[in-house]
Amino acid sequence: MEKTFLMVKPDGVQRQLIGEIVSRFERKGFQLVGAKLMQITPELAEEHYGEHKERPFFGALTSFITSGPVFAMVWQGENVIATARQMMGATNPKDAAPGTIRGDFGLTIDKNVIHGSDAPASAEREIGLFFQENELVEYTRQI
Ligand code: CMP
């Protein structure tokens with residue numbers, strides 16, 4: 001079954017949006033198979049956002065993502081990577097449609113509440129960066 005990596009960023013944790021965000025993915029029907037509240041180290045931040053290393057906002061991005069706890073999650077389900085991206089909305093909250101997470105709660109492109117993997121390869125890479133195999137559960141939905 002397809003899996004994706006989602007993370008409530010420091011602004012989302014500070015604003016007490018973890019429950020709201022988890023609830024949206026649960027109500028959609030996806031399964032939570034791993035989760036932890038954690039503090040990202042500078043090393044992990046640089047690795048996770050490695051593709052943005054040359055971008056002018058890289059320093060601000062890594063310092064923001066390490067500024068407070070994040071809530072890291074692995075979700076599973078049919079087409080979960082693309083559907084979660086739709087539910088998150090556009091990267092810049094000013095372009096994100098109402099009803100999406102960033103459209104409803106995001107303030108600025110830096111403080112955009114949530115990160116989600118954009119493709120199968122990045123999902124696999126990001127899950128591996130944040131979670132050990134024994135931190136993920138396997139269970140079959142009974143209902
Ligand atoms: P995220 O999905 O976590 O991936 C990279 C992050 O960089 C993105 O969300 C934004 O929060 C942040 N960011 C800051 N400035 C920019 C920018 N100009 N373009 C794209 N992403 C940006």
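Counting starts at 1 for both ligands and their atoms, following the listed order. Note that these values count all heavy atoms, side chains included, but never hydrogens, waters or copies made by symmetry.
Under 4.0 angstrom from ligand 1, the non-hydrogen atoms of Arg102 all belong to its side chain. Counting heavy atoms closer than 4.0 Å to ligand 1, residue Thr91 contributes side-chain atoms (C-beta onward) but none from N, CA, C or O.
Shortest non-hydrogen contact noted between Gln39 and Thr66 is NE2-O, 2.7 Å.
In this structure, Lys9 has a heavy atom closer than 4.0 Å to ligand 1. The closest approach between any non-hydrogen atom of Tyr49 and ligand 1 is below 4.0 Å.
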**Message:** What verdict does the salt bridge (charged side-chain N to carboxylate O under 4.0 Å, His left out) test give for Arg24 and Asp104, after you've listed the backbone C-alpha separation in whole Å, the side-chain angles of each residue and the deciding distance to 0.1 Å?
**Reply:** CA-CA 12 Å; Arg24 288 186 179 214; Asp104 289 349; 2.9 Å; yes

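Listed by number with element, the atoms of ligand 1 under 4.0 Å from a non-hydrogen atom of His115 are 1 (P), 2 (O), 3 (O), 4 (O). In the vicinity of Leu61, heavy-atom distances shorter than 4.0 Å reach the ligand 1 atoms 6 (C), 7 (O), 12 (C).
Using cut-offs of 30° and 60° for the angle between ring planes, the His115 and Tyr49 rings count as perpendicular. The aromatic rings of Phe5 and His48 lie perpendicular to each other, with more than 60° between the two planes, well past the 30° mark.
Phe57 CG, 3.4 Å is the protein heavy atom nearest to atom 15 (N) of ligand 1. The nearest protein atom to atom 11 (O) of ligand 1, hydrogens excluded, is given as Ile109 O, 2.6 Å; this is a heavy-atom distance.
Residues Ser117 and Glu126 bring a donor and an acceptor atom of their side chains to less than 3.5 Å of each other.
For the pair Lys36 and Phe131, the cation-pi test (distance below 6.0 Å, angle within 45°) is passed.
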